[in-house]
Amino acid sequence: MRLNRLRLRDFRNYADTELTFDPGVNLLLGDNAQGKTNLLEAIAFLGSGKSFRTQKGAELIRFGAEFGELEGQLTSQDREQSLRWLLFPGSRPRQVFRNGVKKKTVSELSGALRTVLFCPEDLMVLKAGAAARRRLGDGALCQLRPNYEAALAEYGRILERKSRILKDRFEMPALLDLLPEYNDRLCQVGALLISYRARFYDSLGKAAGGYHSHFSGGGEEFRLEYKTVSTVTDPFAPVGELTERLHAHLESHRRAELESAQCLTGPHRDDFEVTLSGLSLKQFGSQGQIRTAAISLKLAQRELMGRESGETPVLLLDDVLSELDPGRQDFVLNQISGGQVFITCCEPGRFSKLGKTVFVKGGRAWEGPEAGQLCKEEFHV
Ligand code: ATP
Ligand code: MG
């Protein structure tokens, strides 16, 4: 799949910009704070209705504008398609059109444009806390499996209510009568999450291992292990069995939960661990190894999504290449071929031979020879 043309009106710092793109590599070049990430955000939003930077739709509308508009022409599912969004400040609901027809829900876009984003924060995700890894895994799995996304949202709702019961029960002890019902549902939906995650992390680990092996010249054995509730010895077990295992763990933590007034057990605390030739990456990995492994995971995510739908998703690389040494940059640039890619960059030169260059400045963007000329003037190259 690929994005051929994008028009932004009053989106972030873009007043009115129209661009056409290369089916391969598109380099978005410009100084800091000019609108490069905004452009990636627009591309990701176009296909998903979600921003990777904010939950508040109104922030996407250019300051002072009455509404914002995004429109894209794409080639996917073997045909030309168009997507269009209208965003309004305040309570007026946003609108989305696919091929000119207004849609009620984002799910009706059914993967017309899928993207995988890789940003500098992702480079250190393997070193970060479990929450960051869960976000990364959940984000990827939600894109792959809409049913998982629904189950995850349901789990979040039950967990929130249970937390409130545990906190409020000091004032209202009768609330405790509701706890068994919430625990039952938590275990049922939690078991479903574990089942999805076990399969997903297994495939992700295998695919990422392939990339990492190329990265390290075959010298390191990459392994990814999914970590969940300790009573779940086999996360591939049938969901009914997983539910029982979760119940057992809950039971053994019942008192601790009541005393601490916190939900202490369940897959909301899951994690995954990467080891290189048996050594924990989090504990012993060098910066380069951690970054390399993180990139391998993202490329693996793109591969799994591509395998699933038969179309390689669009890869959005925000500012990551400049953080890598030249050898790793070369590896990434070689591995990203075979799909459409958008790369943001502040320094011209190294990547300018690739595909198409778009020059970004002050919420405006230029392409073609004009972009080349402006880059020369701006960066003296
Ligand atoms: P860097 O290289 O530093 O990452 P960038 O080119 O990626 O920079 P962006 O994050 O795309 O920069 O754009 C940032 C600019 O967009 C900021 O100056 C910010 O003030 C402006 N901006 C963000 N939201 C809006 C909005 N709703 N309306 C107008 N301008 C906005
Ligand atoms: Mg940026």
Side-chain angles (χ1 to χ4, degrees), residues 3 6-19 21 25-72 85-95 115-125 291 294-295 298 314-324 329 332 336 341-352 354-367 370-372 374-375 377-381:
L3 179 63
L6 178 70
R7 179 166 187 190
L8 300 179
R9 273 197 278 188
D10 292 328
F11 180 89
R12 290 289 193 187
N13 63 342
Y14 291 92
D16 192 348
T17 293
E18 186 166 354
L19 290 165
F21 299 117
V25 176
N26 295 275
L27 181 72
L28 312 178
L29 188 64
D31 280 330
N32 293 131
Q34 301 305 311
K36 302 183 298 295
T37 304
N38 292 346
L39 211 47
L40 294 189
E41 186 183 29
I43 296 168
F45 186 92
L46 189 68
S48 66
K50 284 189 198 141
S51 156
F52 51 77
R53 292 207 287 199
T54 179
Q55 306 257 27
K56 299 185 192 123
E59 282 180 22
L60 303 175
I61 303 164
R62 196 165 70 98
F63 301 143
E66 279 174 34
F67 67 95
E69 183 179 4
L70 300 91
E71 198 188 339
W85 287 89
L86 291 174
L87 308 175
F88 304 98
S91 57
R92 186 167 167 196
R94 62 192 194 171
Q95 296 176 12
T115 55
V116 172
L117 169 78
F118 190 27
C119 59
E121 295 89 84
D122 292 331
L123 282 170
M124 292 314 283
V125 78
R291 286 176 177 179
I295 294 169
K298 280 288 166 167
V314 174
L315 187 60
L316 308 174
L317 300 177
D318 196 10
D319 230 7
V320 290
L321 290 181
S322 51
E323 301 235 359
L324 299 172
Q329 285 181 0
V332 176
I336 58 180
V341 188
F342 292 83
I343 313 175
T344 69
C345 186
C346 295
E347 310 141 29
R350 184 166 174 82
F351 318 118
S352 55
L354 288 167
K356 176 168 201 164
T357 298
V358 173
F359 178 70
V360 179
K361 186 167 183 171
R364 294 182 67 196
W366 294 264
E367 54 180 308
E370 213 180 343
L374 287 164
C375 286
E377 287 167 20
E378 186 83 12
F379 298 105
H380 310 292
V381 288

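Read the numbers this way: they start at 1 and go in the same order the structure lists the ligands and their atoms.
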- Message: Below 4.0 Å, non-hydrogen atoms only: which portion of Glu59 touches ligand 1? Side chain, backbone, both or neither.
- Response: backbone
- Message: I need the contact type for Asp31 against ligand 1. Using non-hydrogen atoms and a strict under-4.0 Å cut-off, is it side chain, backbone, both or neither?
- Response: backbone
- Query: Below 4.0 Å from any atom of ligand 1, is there a heavy atom belonging to Cys346?
  - Reply: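 Contact present.
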- Any N or O of Asp319 that comes nearer than 3.5 Å to an N or O of ligand 1? no
- Would one find an N or O of Ile61, backbone or side chain, under 3.5 Å from an N or O of ligand 1? yes
- Give a yes or no on whether atom 31 (C) of ligand 1 lies under 4.0 Å from any heavy atom of the protein.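 For atom 31 (C) of ligand 1 the answer is yes, since some protein heavy atom falls inside 4.0 Å.
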- Message: Does the protein come close to atom 20 (O) of ligand 1 - that is, does one of its heavy atoms sit below 4.0 Å from that atom?
- Response: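 No, there is no protein heavy atom closer to it than 4.0 Å.
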Which protein non-hydrogen atom lies closest to [atom], naming both residue and atom, and how far is it?
| atom | value |
| --- | --- |
| atom 3 (O) of ligand 1 | Asn32 ND2, 3.1 Å |
| atom 4 (O) of ligand 1 | Thr37 OG1, 3.9 Å |
| atom 10 (O) of ligand 1 | Arg53 NH1, 3.1 Å |
| atom 17 (C) of ligand 1 | Ala33 O, 4.3 Å |
| atom 16 (O) of ligand 1 | Asn38 ND2, 3.1 Å |
| atom 28 (N) of ligand 1 | Phe63 N, 3.0 Å |

Donor-acceptor under 3.5 Å ([X] side chain, [Y] main chain):
| X | Y | result |
| --- | --- | --- |
| Arg94 | Gly49 | yes |
| Thr17 | Leu8 | no |
| Lys36 | Asp31 | yes |
| Lys298 | Leu117 | yes |

Taking only heavy atoms of [X] into account, list the atoms of ligand 1 that are under 4.0 Å away from them.
| X | answer |
| --- | --- |
| Arg62 | 27 (N), 28 (N), 29 (C) |
| Arg12 | 23 (C), 24 (N), 25 (C), 26 (C), 27 (N), 28 (N), 29 (C), 30 (N), 31 (C) |
| Gln34 | 5 (P), 6 (O), 12 (O) |

How far apart are the closest heavy atoms of [X] and [Y], and which atoms are they?
| X | Y | value |
| --- | --- | --- |
| Glu59 | Arg12 | O-NH1, 3.3 Å |
| Asn38 | Phe11 | O-CE2, 3.5 Å |
| Gly35 | Val360 | C-CG1, 3.8 Å |

- Query: Quick one: are Leu6 and Leu39 in side-chain contact, heavy atoms under 4.5 Å?
  - Reply: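 Leu6 reaches Leu39 side chain to side chain.
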- Task: Check whether any N, O or S atom of Thr344, backbone or side chain, sits closer than 2.8 Å to the Mg ion (ligand 2).
- Result: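 Checking Thr344: none of its N, O or S atoms is under 2.8 Å.
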- Query: Charged N to carboxylate O under 4.0 angstrom, Asp16 versus Arg7?
  - Reply: yes
- Message: Can you tell me which residue among Ile343, Leu321, Leu317 is in a side-chain contact (heavy atoms from CB on, under 4.5 Å) with Phe118?
- Response: Leu317
- Message: Parallel, tilted or perpendicular: which one describes the rings of Phe88 and Phe67, with boundaries at 30° and 60°?
- Response: tilted
